[in-house]
Amino acid sequence: MTELYDSVDLADLDMNEPDDATLRASELEQAAPESPRAIVVLVGDRRYDAPGDNTDKMVVELLSEFNYRVDGVVRVKSKKSDIRKAIETGVVGGVDLVLTLGGTGVGPRDKTPEATRGIIDKVVPGVSQAIRASGQACGAVDACTSRGICGVSGSTVVVNLASSRQAIRDGVSTIAPLVTHLIGELNQYSV
């Protein structure tokens, strides 16, 4: 049998292998995807101004448990134009999630769904349905009677949650995997 290849001494080959530090950096870069960015919009005329209210810290902590990096918490009055501006700030700022809290009931000052509807390009009703169903199961009455909506504006997911502590805790737990899935789809298909 004829040998088709010349034998080569491996020492003659100039094989530069990356050092351990380069390999570790490359592995970390691939293994640690960037945390999704979020902003939180607290909607209410007086609700979040009460002494001792720590809703802002609570929601930041809840989101960080699901690997979200919160860029900011914004407080706005229950006015459609103020709510809309706050949501648009997040969308234009390129965050992955704008999470609004409050203003989702049926009272005369509850205008968050209307402000949100004017901004989103696509409604994602399954997320809102999941929030209401989960709210009912956990006893968060304001969550299951919420008019809150979910949708996509550009490459940002916008979600409305009711404002009670129970609705927020349950809502964040419910939306985290759903929004992560939506963000993945948006990033996969973005141009």
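Because the structure is predicted, anything quoted here is derived from the model rather than measured. Residues: numbered from 1 along the sequence shown.
- Using a 3.5 Å distance cut-off with no hydrogens or angles, the side chains of N160 and R117 do not pair a donor with an acceptor.
- Between V179 and Y68, some side-chain heavy-atom pair lies under the 4.5 Å cut-off.
- Distance check: R165 CZ to M58 CE gives 4.5 Å after rounding to the nearest 0.5 Å.
- In this structure, V43 and L101 have side chains that are not in contact, with every pair of non-hydrogen atoms separated by 4.5 Å or more.
- Interatomic distance, OG of S128 versus CD1 of I175, reported as 10.0 Å (0.5 Å rounding).
- A 4.5 Å side-chain heavy-atom check between V157 and V98 finds every atom pair outside the cut-off.
- Considering only heavy atoms from C-beta on, V152 comes within 4.5 Å of V124 through its side chain.
- Residue Q129 holds its CD atom at 13.0 Å from OG1 of T174, rounded to the nearest 0.5 Å.
- The shortest non-hydrogen separation linking R132 to A143 is CG-O, 3.4 Å.
- Although no hydrogens or angles enter the test, the distance criterion places no donor-acceptor pair under 3.5 Å between the side chain of D170 and the main chain of A167.
- Closest non-hydrogen pair, A130 versus L178, comes out as CB-CD1, 3.9 Å.
- Listed by chain and number, the residues in a side-chain hydrogen bond (donor to acceptor under 3.5 Å, both in side chains) with E114 are R147 (sequence neighbours excluded).
- Taking both residues in full, the closest heavy atoms of C150 and V159 are given as SG-CG2, 3.8 Å, listed atom of the first, atom of the second, then distance.
- Taking OG of S173 as the start and CD1 of I168 as the end, the distance is 12.0 Å to the nearest 0.5 Å.
- Within the 4.5 Å cutoff, the side chain of F66 has heavy atoms near those of the V172 side chain.
- Residues V41 and V73 are not in side-chain contact: their nearest non-hydrogen atoms beyond the backbone lie 4.5 Å or more apart.
- At least one donor-acceptor pair under 3.5 Å links the side chain of S153 to the backbone N or O of I119.
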Side-chain atoms of residues 86-96: list all donor-acceptor pairs with protein atoms under 3.5 Å, sequence neighbours left out, distances to 0.1 Å.
from	atom 1	to	atom 2	distance (Å)
E88	OE2	R84	NE	3.0
T89	OG1	K85	O	2.8
D96	OD2	R37	N	2.7

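- With sequence neighbours excluded, no residue satisfies side chain to side chain contact (heavy atoms under 4.5 Å, CB included) with A133.
- A donor-acceptor contact shorter than 3.5 Å is absent between the side chain of R169 and the backbone of S164.
- Contact annotation: the side chain of T100 never approaches that of L42 to less than 4.5 Å [non-hydrogen atoms, C-beta and beyond].
- Here OG of S155 is found 13.5 Å from CD of E185. Values are rounded to the nearest 0.5 Å.
- S134 places no side-chain N or O within 3.5 Å of a backbone atom of I131 that could act as its donor or acceptor partner.
- Annotation for A115 and I83: closest pair CB-CG2, 3.6 Å, computed over non-hydrogen atoms.
- In this structure, R69 contributes its side chain and P36 its backbone to no donor-acceptor pair below 3.5 Å.
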- Task: Output, in order, the C-alpha distance, side-chain angles, deciding distance and verdict of side chain to side chain contact (heavy atoms under 4.5 Å, CB included) for L182 and V127.
- Result: CA-CA 10 Å; L182 293 174; V127 175; 4.1 Å; yes
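- Scanning all heavy atoms of the two residues, the minimum distance from S146 to G148 falls at OG-N, 2.8 Å.
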